Amino acid sequence: MSTLTRSPAWLALSAHQTKIAKRPLRALFNEDSQRFDKFSLQFGDLLFDYSKQPVDATTVRLLLALAEQQGLADWITRMAAGEKINFTENRPVLHIALRANTPIFSDGKEVTQEVKRVLQQIEQFVEKIHNQSHRGYSGLPITDIVNIGIGGSDLGPVMVTEALRPYHVPQLRVHCVSNLDGAHLSTTLQSLNPATTLFIIASKTFTTQETLTNARSARRWFLENGGNEQAVAAHFVAVSTNREAVSQFGINPDNMFEFWDWVGGRYSLWSAIGLPIALAVGMEHFRSLLAGARAMDNHFLTAPFEQNLPVMLGLIGIWQINFFHITSQAILPYDQSMHRFPAYLQQLEMESNGKHVTRNGEAVDYSTGVIIWGEPGTNGQHAFYQLLHQGTQQFTADFLAPCQCHHPLSRHHPMLLANFFAQTEALMRGKTEQEVRSELTNQNLSADLVEYLLPHRTFPGNHATTSILFKKLDPATLGMLIALYEHKVFVQGIIWEINSFDQWGVELGKQLAGRILAELALDKPITGHDASTNGLINFYRAQQ
Ligand code: G6Q
């Protein structure tokens, strides 16, 4: 048993869980009419309601005691001070420096100076594309941006450019290509004109197979469709930490936007990895995105823990994962433009906290991380909500929605939000036999039919959800929301005593395919793997 699961704060929470689990959420609401006021928090335009979680005042007190026991305050200070808390890679974790407006140092160096320099470079470039002084080889202005990257070099730009569509400048279209499957690049290029297309090759390491393969194919397409070697400079820029590899690839380092090893890939949209975002929405909105995140950073660094949104969001997750033993968490934005938000959080959370050993290298004997998934409402309601309402799996869910919308089509938005509120209420309350019986009896059904239908029409309820409402999905609010989840992940990693900032599982994937790729080209049956892998490879080769 680990020291964490034997620690006083953990044991106190375990004992408390057995008591509170006997009180359904319905009962908690019936007992206390002030529940919403007690268990919701506001910061800026953001409302965080965790009153539909199985908590009472004791739970909050005990969770805060766990945070204190685990030294959360000290770890936050260490992160902000630029200490190398990503110890397996010997790096600081300083995404907050990317949006800071006060100096932040690491290794005695003021990293925020570097950040400012690159932001200026981005600003100048965006200006030149927008005012059309940067033109393609034939003298035409750039109309299409293709970001080629994957993982952290893709999901942030995709999610944010989609979410901020109402803020896009009209003269540019932004496309993102990530998948090694040639279909992704080919279908994207189909409608594009090389003379008016700018490629951003985004890769922190500039060694990632998927990105470099797509980038090479993009350059070939460019050269075969009217471009020439001299014109590459005007049509290909790079975002990377690896100047040498960029230059080897054939992009002039003058056309490179730098970032640094202290920025984790999945935390990098605030750096030059955000260049497609800045191009899509303009620099003013990009700076608002940063300002929103900065506001959340300051809140995280200074607010008392019981009023601190990321701390409480993280602790509620711990409560669910480690004490109610849920393994699944849905992210359900009631906003179509946030359709990639679940995928973005999937990487942020699962890559950061999907770890099986503590900082000391000992195997954990408690769950870390959770399976994150989700879709925008109300589409999910007509697909997987059935299992949420009447299935047997345990889960929790975050519901998110703006109070004001960008597309005020007659009654769409109030109807959408009515669904949000009704779903969280129904998941919490369920429907008892008694309620179903009286509902069916009122429909004049025979007593026999009522009894027959009863078990099928009841809903167990008592499903915990968290609701996050915000005024409007503008760049600053989106920045705040993303930073909220970034810091939530930090809080949980500290409680679990793991390193949230490395990703050896991703690195493994980068190596594995190499050997098999070579085997696919061989002219003899493959026998060196297990029978299944040999069989699959040989079947594939036979079909070529
Ligand atoms: C993110 C991960 C991973 C990474 C991609 C792309 O935190 O490290 O998702 O972003 O593997 O890596 P490159 O940016 O180096 O191409």
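Just so you know, these numbers come straight off a predicted model, no measurement behind them. In this chain, residues are counted from 1 in sequence order. Keep in mind that the numbers below use all heavy atoms, side chains included, and drop hydrogens, waters and symmetry copies. Atoms within a ligand are numbered from 1 in the order they appear, just like the ligands themselves.
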List the residues meeting ring-ring contact (aromatic ring centres under 6.0 Å, His included) with [X], not counting sequence neighbours, and say none if there are none.
X	value
Phe259	none
Phe384	Trp373
Phe470	none

Relative to each other, are the rings of Phe501 and His95 parallel, tilted or perpendicular (30° and 60° limits)?
tilted
Check ion pair Glu123-Arg287 (N to O, under 4.0 angstrom)
yes
Residues in the immediate environment of ligand 1 (any heavy atom closer than 4.0 angstrom)
Ile150, Gly151, Gly152, Ser153, Ser203, Lys204, Thr205, Thr208, Gly265, Arg266, Gln347, Glu351, Gln503, Val506, Lys510
For Trp496 and Asn322, run side chain to side chain donor-acceptor pair (under 3.5 Å): C-alpha distance rounded to whole Å, both residues' side-chain angles, the deciding distance at 0.1 Å, then the answer.
CA-CA 10 Å; Trp496 288 324; Asn322 298 113; 2.7 Å; yes
